[in-house]
Each structure stands twice: as structure tokens, then as C-alpha cells.
Visitor: 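For reference, the structure I am asking about is given below.
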Amino acid sequence: MDKFVINGGRPLQGDIYISGAKNSVVALLPATLLLDVPVIIENVPDIKDVEICMTILRHLGADIQPVGPGAYRIDCAAVKDHAVPERQARAMRASYYFLGALLGRCRRGIAAMPGGCHIGERPIDQHLLAFEALGAKVHLPMRYNEKGEQEVDAVELTCNDLVGDKEIVFNVVSVGATMNGILAAVKAKGTTVLVNCAREPHIVDLANFLMFMGAHIKGAGTSKIIIEGVERLDGGIIPGSDEIRTYPVVPDQIEAGTYMVAAAATRGDLRIHGVIPQHLKVISDKLTEIGVTVEEVEDKDDVYIHVYTEPGKRFRATNIRTEPYPGFPTDMQPQLAALLVLSNGQSNINEQIWEDRFRYAAELAKMGANINTTRDGAIVFGVDKLHGANVNACDLRAGAAMIIAGLTAEGRTEIAEIGYIERGYEHIVDKLRAVGADISRQTFPDET
Ligand code: UD1
């Protein structure tokens with residue numbers, strides 16, 4: 001069993017560089033299925049979810065060649081298959097983006113129900129609403145799970161033609177459904193209007209990528225997105241040459257936010273490079289509110305975020321309520337909680353997106369945190385310090401919270417189930433070590 005082992009108490013100091021966004025690249029890679037020419041995608045993070053996406057693409061028939069650090073030439077010309085392999089579909093949530101992309105490309109797609117972190121019920125009714133509105137027939141074969149309950153086993157989509165020319169109104173603001181709506185509509189006939197869309201930076205990135213390749217999309221980043229269907233997406237070749245164009249993945253808002261909180265929690269002094277500060281505003285504002293200094297610095301052709309805290313100063317308690325972008329991201333809630341457990345007073349955390357996102361609270365309690373969960377949130381009573389303990393990464397962002405807690409704690413923390421963390425954070429051990437953390441990845445004999 002592999003674990004992260006942390007000897008806490010060292011402030012993070014120096015410069016750290018942010019990778020391409022996990023939540024964007026897991027949509028951009030399926031989106032290459034819609035392209036009629038090859039493309040190069042760069043700033044691709046070296047994370048497990050990318051490996052899974054590439055395995056699926058290759059299985060479907062894509063040719064993927066590395067062409068530099070974090071850069072891949074992807075050519076989907078030979079793709080004939082429309083079935084996502086089951087193991088990979090169940091291994092991550094974002095495998096559902098293959099459904100929208102395959103529908104757009106092949107007019108059919110099959111995938112096992114997507115897996116991913118256990119943070120609550122994760123329905124896909126809004127995705128199906130968009131597919132059906134565009135003309136797809138949806139078939140949901142059922143199976144019995146290990147508890148003997150019936151559940152959806154897979155999603156099968158077929159259609160003769162995808163036809164836009166309509167307004168599709170989502171009942172819930174959903175990142176995944178908005179992305180899938182875009183993927184399915186870019187090559188549909190006519191104009192599709194998506195209403196009540198999510199506005200996250202990775203939605204804008206997907207739209208930018210598709211527009212770079214020739215799609216007609218307006219309004220990404222607002223709640224109404226207008227997509228005029230096109231027959232071909234062939235903008236990947238520079239006209240008059242054979243040169244293939246390169247698209248960089250947007251910087252990871254959540255990775256940057258995680259290091260901002262880690263810098264603050266360890267009372268460090270960190271310059272966080274390769275970011276889009278506007279995407280981090282709500283996180284910067286929250287940190288400022290609790291007494292952390294956050295500065296946006298423009299230095300020649302570099303823009304970075306500088307985070308530092310006065311030594312010995314206690315953090316002020318605060319309240320957080322998670323909301324779709326531009327509100328406070330649910331994917332930063334566990335990490336901020338790992339800092340608030342060290343604040344002066346009581347903080348209330350209200351989770352609006354995922355109902356089961358507090359399993360980390362019991363893990364933080366093992367380290368001395370005073371945190372009580374409620375029906376839709378948690379109440380944190382600040383303590384002076386945490387102590388090291390053996391804890392679990394219950395999911396990806398909970399795992400990041402455990403790392404932050406371990407970095408601040410006195411003594412040694414061992415974090416198990418690190419597979420969750422490695423799904424979404426590129427080279428996290430190397431990055432943290434480079435800024436002064438005492439963290440290592442170690443192999444232990446399996447517990448029986
Ligand atoms: C994405 C992110 C995830 C993040 C979440 C919210 C990726 C790969 N994952 O997940 O890290 O936590 O956004 O920012 O980008 N819902 C429905 N029906 C649907 C779809 C969603 O009711 O068909 C509900 C969900 O139960 C949840 C809310 O809508 O309460 C938001 O979910 P959604 O934005 O779809 O999350 P994901 O796209 O799965």
C-alpha cells in the first residue's frame with residue numbers, strides 16, 4: 001500500500017508552478033473525437049485521469065503521440081468504435097464526456113455509468129435531457145448492485161441526426177451537463193441555445209478549444225450559451241501549411257487554490273505562478289478575510305499570486321457557502337476547512353453542491369480538529385494546533401485537505417488511499433518538496 005508521509009510544521013516557501021486544469025483536460029481530450037484534423041494539446045497534466053482518458057481514446061482508435069513535455073498530438077481520423085471500455089468508464093466521473101463527444105461524432109455512444117469520487121448522489125439526468133433534446137434516444141440497461149438494489153448499469157445513446165434549433169433549459173446548474181450539451185451540439189444541425197448553464201473556467205476553456213477548431217459558440221462563461229452547428233471542425237491545421245496548431249489547457253483553478261491555502265495554513269510565503277488571478281478571486285477574498293495576505297503581482301510577462309501570513313497571527317474564523325462559479329467552489333471546501341480548524345473561533349461551512357462531502361471531518365478529528373458535521377455542512381471550532389495521525393484520503397479534495405492538515409500538524413502524518421489525490425494533482429509530492437515540505441511517497445506492506 002502506498003501512502004504519503006508528512007513531517008509537519010514547515011512553512012511552504014518559494015515558487016510553485018500550476019499545471020493544466022484537470023477538470024478542463026478531461027473534457028478537451030474527449031472533444032478531440034469531434035475534430036476532422038489532428039491537433040496538439042499542451043499543458044496537459046501528468047495525472048491519472050488523463051491517463052484514463054488517453055486509454056479510452058486509444059481504445060476507440062485515436063492516435064496519440066507525445067510531442068514535448070505535457071504536449072500531445074492527437075489524431076482521431078481512424079476512430080470507428082463508439083463504446084467506451086467499461087473499466088475506464090467506471091474509473092472516473094468525467095468518462096461521461098465521451099458520451100457527448102461520441103454522439104457528436106458517431107451519432108451513437110455507449111459507456112458504463114461513470115465512477116469517480118464518492119461525494120454524494122451524482123445523477124446525470126441533465127446530461128440526458130440535453131442529449132434527448134438534440135434527438136438522441138437514451139437506453140439505460142439496469143443491473144443489481146452488491147446491496148441487491150437495482151441501479152443503472154450503462155448509458156446507450158443512438159440517433160439518426162442531431163438537430164439543434166431549440167432552447168434547452170437545464171433544471172440544475174451542472175458543469176458536466178453544460179459541457180456535454182456543448183459537445184453534443186457543436187455538430188448538430190441548426191442553432192442550439194443552452195439555458196441555465198454552469199460558468200466555470202473549464203467550460204470557457206472547452207468552448208475556446210472548440211472555437212479554435214472552428215466551432216461557432218457564443219456566451220460560454222455566462223448562463224446562456226448559443227451554439228450554431230457546423231459540419232466540420234478542421235481549424236487545427238494552419239492554412240496553407242501542414243503545421244498543426246497547438247492549444248494550451250487553462251491553468252488549474254483548484255490546484256492553485258489548494259497551494260494558496262497550503263501556503264497560508266503553514267504560515268508560509270509562496271509565489272504561485274501560471275495562474276489566471278480572476279479565477280482565484282473568491283479564494284483570494286476568503287483568505288484575505290481571515291487575515292492572510294494575498295497579492296496579485298505583475299512582473300514582466302509573468303503574473304503570479306503571492307500568499308503570506310504574519311508569523312504568530314491566528315486566522316479569523318469565517319463562514320463558507322459553496323456555490324457554482326463564480327461562488328466559492330465546492331472543490332475548495334475541504335482544503336479551506338483544513339485551515340479553518342486552526343482559526344480563532346467558530347466557522348460554519350455550508351455545502352450546497354454535494355451532500356456527502358464531509359467524510360474528511362472524521363479524519364481531521366483524528367489529528368485533533370474540533371469539527372462537527374450537520375445535515376448540509378460542518379461547524380468548526382478552531383484549535384491551537386493539530387497533531388500528526390494516520391488518516392485516509394476519502395476523495396480527491398478531501399485528500400488535498402489531509403495533506404494541508406499534515407503540513408501544519410506537529411509530528412508525522414500518514415495518508416492512505418492516495419490514489420484519489422494522484423487522480424487530480426500533478427506531481428504533488430515533488431512540487432511540495434520543492435517549496436520546503438517534508439513529504440514523501442512510501443510503500444508499506446498491505447494491511448490484512
Ligand atoms: C464537476 C467537477 C467536480 C465539481 C463539480 C461542481 C469535473 C470533472 N468535475 O462535477 O470536481 O465538484 O463540477 O463544481 O469537472 N446534478 C444533477 N443532475 C445532473 C448533473 C448534476 O442533479 O444531471 C447535480 C449534482 O447532483 C450536484 C450539482 O448538480 O448537486 C452539480 O453537479 P455538476 O456540476 O454536474 O458536477 P460534475 O460535473 O459531476
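Note that ligands are numbered from 1 as they come in the structure, with each ligand's atoms numbered from 1 the same way.
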Visitor: Taking the six-membered ring of Trp354, is the NZ or CZ of Arg122 close enough (under 6.0 Å from the centre) and on axis enough (within 45°)?
Guide: yes
Visitor: Could you tell me whether the side chain of Glu151 and the main chain of Arg143 form a donor-acceptor pair under 3.5 Å?
Guide: no
Visitor: Taking side-chain contact (heavy atoms from CB on, under 4.5 Å) as the criterion, tell me which of Asn196, Leu134, Val193 meets it with Ile168.
Guide: Leu134
Visitor: What do we get for Met179 next to ligand 1 when only non-hydrogen atoms under 4.0 Å count, side chain, backbone, both or neither?
Guide: neither
Visitor: On a heavy-atom basis, I'd like to know which of Val25, Asp395, Leu396, Val172 is closest to atom 24 (C) of ligand 1.
Guide: Val172
Visitor: If I compare all heavy atoms of Val380 with all of Ile371, which pair ends up nearest, and what's the gap?
Guide: CG2-CD1, 3.8 Å
Visitor: Among all protein heavy atoms, pick out the one at the shortest distance from atom 35 (O) of ligand 1; state its residue, atom name and that distance to 0.1 Å.
Guide: Ser174 OG, 2.6 Å
Visitor: Can you figure out which of Leu128, Asn23, Thr178 has its heavy atom closest to atom 2 (C) of ligand 1?
Guide: Asn23
Visitor: So which heavy atom in the protein is nearest atom 13 (O) of ligand 1, and how far is it from that ligand atom?
Guide: Val175 CG2, 3.4 Å
Visitor: Can you pull out the closest protein heavy atom to atom 39 (O) of ligand 1? Residue, atom name and distance to 0.1 Å, please.
Guide: Tyr96 OH, 2.8 Å
Visitor: So is there a nitrogen or oxygen of Gln126 less than 3.5 Å from a nitrogen or oxygen in ligand 1?
Guide: yes
Visitor: Quickly, which of Asp395, Asp49, Asp46 forms a salt bridge (charged side-chain N to carboxylate O under 4.0 Å, His left out) with Arg423? Name it, please.
Guide: Asp49
Visitor: Should we say atom NZ of Lys166 is surrounded by more than 12 heavy atoms from elsewhere, each under 6.0 Å from it?
Guide: yes
Visitor: Please confirm whether Ala177 comes within less than 3.5 Å of ligand 1 when only nitrogen or oxygen atoms on both sides are compared.
Guide: no
Visitor: Enumerate the atoms of ligand 1 whose separation from the nearest heavy atom of Glu121 is less than 4.0 angstrom.
Guide: 26 (O)
Visitor: Count the heavy atoms of every other residue, nucleotide or ligand shown that sit under 6.0 Å from CZ of Arg108, and state whether that count exceeds 12.
Guide: no
Visitor: Run the numbers for me: atoms of ligand 1, each under 4.0 Å from some heavy atom of Arg357, listed by number.
Guide: 12 (O)
Visitor: Please determine if Trp354 has a nitrogen or oxygen closer than 3.5 Å to a nitrogen or oxygen of ligand 1.
Guide: yes
Visitor: At less than 4.0 angstrom from any non-hydrogen atom of Arg122, what atoms of ligand 1 do you find?
Guide: 10 (O), 39 (O)
Visitor: Got an N/O contact under 3.5 Å between Ile353 and ligand 1?
Guide: yes
Visitor: For Thr330, counting its heavy atoms only, list the atoms of ligand 1 lying under 4.0 Å from any of them.
Guide: 6 (C), 12 (O), 14 (O)
Visitor: If you count the atoms of ligand 1 from 1 in the order shown, which ones are under 4.0 Å from a heavy atom of Gly176?
Guide: 35 (O), 38 (O)
Visitor: If you measure every N or O of Arg93 against every N or O of ligand 1, does any of those distances drop under 3.5 Å?
Guide: no
Visitor: With the side chain counted from C-beta on, respond yes when Leu60 and Leu33 share a heavy-atom pair under 4.5 Å apart, and no when they do not.
Guide: yes
Visitor: Using 0.5 Å steps for rounding, measure from the CG atom of Leu233 to the CE atom of Met211.
Guide: 12.0 Å
Visitor: Nearest to atom 18 (N) of ligand 1, what protein heavy atom do you find, and at what distance?
Guide: Asp125 OD1, 2.8 Å
Visitor: Taking all atoms of both residues into account, what is the closest heavy-atom pair of Leu183 and Tyr97, and its distance?
Guide: CD1-O, 3.6 Å
Visitor: Is the closest heavy-atom distance from Tyr325 to ligand 1 below 4.0 Å?
Guide: no
Visitor: Quick one, Ile225 and Lys218 - any side-chain contact, counting heavy atoms below 4.5 Å?
Guide: no
Visitor: Answer yes or no for Arg321 and Phe328: cation-pi contact, defined as NZ/CZ to six-membered ring centre under 6.0 Å and angle to ring axis within 45°.
Guide: no
Visitor: For ligand 1, is there an atom lying under 4.0 Å from some heavy atom of Met332?
Guide: no
Visitor: Hey, could you give me the CZ/CD1 distance between Arg73 and Ile41, rounded to the nearest 0.5 Å?
Guide: 12.5 Å
Visitor: Nearest heavy atom to atom 3 (C) of ligand 1: which of Leu129, Asp331, Asp49, Asn171 does it belong to?
Guide: Asp331
Visitor: Looking only at distances, please establish whether an N/O atom of ligand 1 is found under 3.5 Å from an N/O atom of Pro123.
Guide: yes
